[in-house]
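Data first, discussion second: the structure below is written as structure tokens.
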Amino acid sequence: MSLYQSSLTIDGIPCAMVLRGVQNGQYLAVFERSAAELPRIETIHWDKPLISGDCLLPAGYGFTLADVAYSAATRSYTLTLQVAQQYLGDVTAYQEQVEQLSQQVQEQQAAKRKAVVYTVIGVIVAVLVAALLIWHSGIFQRGKTALTVGGRDYSVTDVNYYFTYYMNQAYSTSGGAFDPSKDLRTQYTDEEQTKSYFDQFLDSTIEQLKKISALETAASEAGYTLSDDDKAYVDEAISSTKKAAESYGYAYDGYLKAMYGKYMTPSAFKTCVEREALVNGYQSAYADSLGITDEDIQAYYEENASTLDTYDYRYIYLSGKAASTTDEDGNTVEPTEEETKAAMEAAKAKADAFVAAVNSSDDKETAFAELAPDYVSEDDKEDYEADPDASLHTGTVGSSLSYQSFGEWLMDDSRANGDVGVVESSSGYYAVMLLNRYRDETATADIRHILIKAEVADADDPATEDVDESKVPTQEALDAAKAEAEDILAQWEAGDKTAESFGALAEEYSDDPGSNTNGGLYEQVAPGVMFEGFNDWIFADGRAIGDTGLVENPQDGQQGWHIIYLEGWDEPVWKLTGKNALTNEKLNTWLEGLTENMEATQGAGVKYLGE
């Protein structure tokens, strides 16, 4: 039985839920094991995921997989994702699945109505009642210092911004291991009761605030203030949160309380988002100042070639999971250790037989594809029969293989193209074949674009059950969007036909909030980052600087037409990947130095955290 009610799929794989992470651009995707085993989840193309259904992952973004964790309590996998690069669409959204709003707001409103009556009783009584109402409004509590970190005071709302994230994350992935409506100090993470959930969430919050405090101080010392881009980020974050509140049927202030605790207010939330924008903006500015040279990148590549190289490979998965049974009362009976061991041994024997058959062939890659349907599960057999390339994966950068069970096998420096092997995982075995490992010299592209989104209806038409008109445009609307795009392109062609004039039109007409304030510019776009039609246009054979074209966008929420302008070619993929990795390494070292020996002390407001 599912713990979640969700129609969300990512690359066709059922996803229980997606949460926003504590860091900018971070998300958590939860997959129930009953709906998808890890091998299937690992096939998701996070650089360009195909999302169906309501989802917090921002449309038009690619992601890198930062971590995979398994919860035995909920029998689910939680994948930590980090935004890698935007390939068109709305900027990062801040929606999350929330608990139903408590009666706190109604109680406060009722108390305020009573205050009008009490004022006629007498001055003394009225003052006492007013004081009581002010207390219940949270004015006193929210302003109290909850933590002092690195010499900076953080109020209850400041700290709850992060504390409630860790609490909600744990609750969503633990299968109700604790009750967030009750005192977290008396609920424990272990049977020995050595650590409460309150302490666990507070420890995580303190570690995050150490980084925040260090970056705030560094930004102040450097004279860094919110840039125009930072301010735009704040505006978009607030706008996205208001849209999320509306979509869940809440008033904005009520949604904030449901998300971040009863003391959160719109002004306090804005302060938190501004702080987030400041530290992220300053960190980006610091990264830009590192002055990493071509020689630095080459040296880094030579030390980390396995994670920076690109891999083409095939694999199939042989499950070693023993089947559960049901007793006479209808209860699920998990397999015994002996049954689990036998299932794993059978899976290994099958994987070994497959690899032996492939290795005996003169054309191993063809044999791998042709034999796969006979060895995969019955559920997958039809897919492998219909598509000989169901096992094929190309253009995968080594760093994203690190979290796959067979990643170490593929990236082993002794591995040769054509090698086929068996790799054990926690619940089965992989049969893997390395086709090619190479340094990707493909040039990235600098492009400008204008997105003209097709209009949709204000509300869904109840007369049509197969389509939601508030989300899916009609063909007439798509045709109108294309006509508008053609008119804008003709307007550009009638002028001086420069990048600057194209950029001016992008700022005037484009519906892409991620680029319509910078002339529609996206730099260092790598193959596979954009959706298929857009990608194919950029990297088509013979594509030349200055070319323009029209491409339809079929993605949910982004349906419309793009006008594209190729401004130039940029760094090769391997070099861009290496520079980003080296930059992150230097940033982490720098941040560790800033937070070293930093102290955190609790204030009077700490007792209000989690409320």
Examine the side chains of Glu221 and Thr217 and answer whether a donor and an acceptor come within less than 3.5 Å of each other. no

Nearest-0.5 Å distance that lies between atom OH in Tyr522 and atom CD1 in Ile447: 7.5 Å

Within the supplied structure, the quantity of interest is the number of heavy atoms (other residues, nucleotides, ligands) at a distance under 6.0 Å from Lys350 NZ; does it exceed 12? yes

Write down the atom of Ser427, the atom of Met344, and the distance for their closest heavy-atom approach. C-SD, 3.6 Å

Is it the case that over 12 heavy atoms from other parts of the model lie below 6.0 angstrom from the CD atom of Glu385? yes

How long is the gap from CZ on Arg275 to OH on Tyr161, to the nearest 0.5 Å? 9.5 Å

Under-4.0 Å salt bridge between Arg314 and Glu365: yes

Please check: side-chain N/O of Asn535 versus main-chain N/O of Gly528, any donor-acceptor pairing under 3.5 Å? yes

Within the 3.5 Å criterion, strictly below it, is a donor on Tyr509 or Asn516 matched to an acceptor on the partner's side chain? no

Mind telling me whether His562 and Phe534 have parallel, tilted or perpendicular rings, with 30° and 60° as the class edges? perpendicular

Value rounded to 0.5 Å, distance of CD in Glu207 from CG in Leu209: 10.0 Å

Atom pairs and distances, donor-acceptor, side-chain atoms in residues 590-597, under 3.5 Å, two or more places apart:
| from | atom 1 | to | atom 2 | distance (Å) |
| --- | --- | --- | --- | --- |
| Thr595 | OG1 | Leu591 | O | 3.1 |
| Thr595 | OG1 | Glu592 | O | 3.3 |

State the CG-CD1 distance between Leu576 and Ile297, to the nearest 0.5 angstrom. 8.5 Å

Classify the side-chain pair Asp296/Thr293 by whether it contains a donor and acceptor separated by less than 3.5 Å. yes

Would you say Asp228 has more than 12 foreign heavy atoms packed within less than 6.0 Å of its CG? no

Under a plain distance cut-off of 3.5 Å, with no hydrogens placed, do Asp512 and Ser510 share a side-chain donor-acceptor pair? no

Can you find a side-chain donor-acceptor pair between Asp230 and Ser227 that sits under 3.5 Å? yes

Given the rule in the salt bridge (charged side-chain N to carboxylate O under 4.0 Å, His left out) test, do Asp352 and Lys348 qualify, once you have shown the distances and angles that lead to the verdict? CA-CA 6 Å; Asp352 287 338; Lys348 186 177 189 306; 2.9 Å; yes

Partner set under side chain to side chain contact (heavy atoms under 4.5 Å, CB included) for Ala443, not counting sequence neighbours: Trp569

Decide if atom CD of Gln298 counts as having more than 12 heavy atoms of other residues, nucleotides or ligands within a radius under 6.0 Å. yes

Centroid-to-centroid, Tyr565 to Trp492, below 6.0 Å? yes

Is the centre of the Phe354 ring less than 6.0 Å from the centre of the Phe368 ring? yes

Ser405 versus Ser425, closest heavy-atom pair with distance: OG-CB, 3.6 Å

Nearest heavy-atom contact between Ala351 and Tyr429 is CB-CB, 4.0 Å

Name each donor-acceptor pair under 3.5 Å that joins a side chain in residues 370-377 to protein atoms two or more places apart or in another chain, with its distance.
| from | atom 1 | to | atom 2 | distance (Å) |
| --- | --- | --- | --- | --- |
| Ser377 | OG | Asp380 | N | 3.4 |
| Ser377 | OG | Asp380 | OD2 | 3.3 |

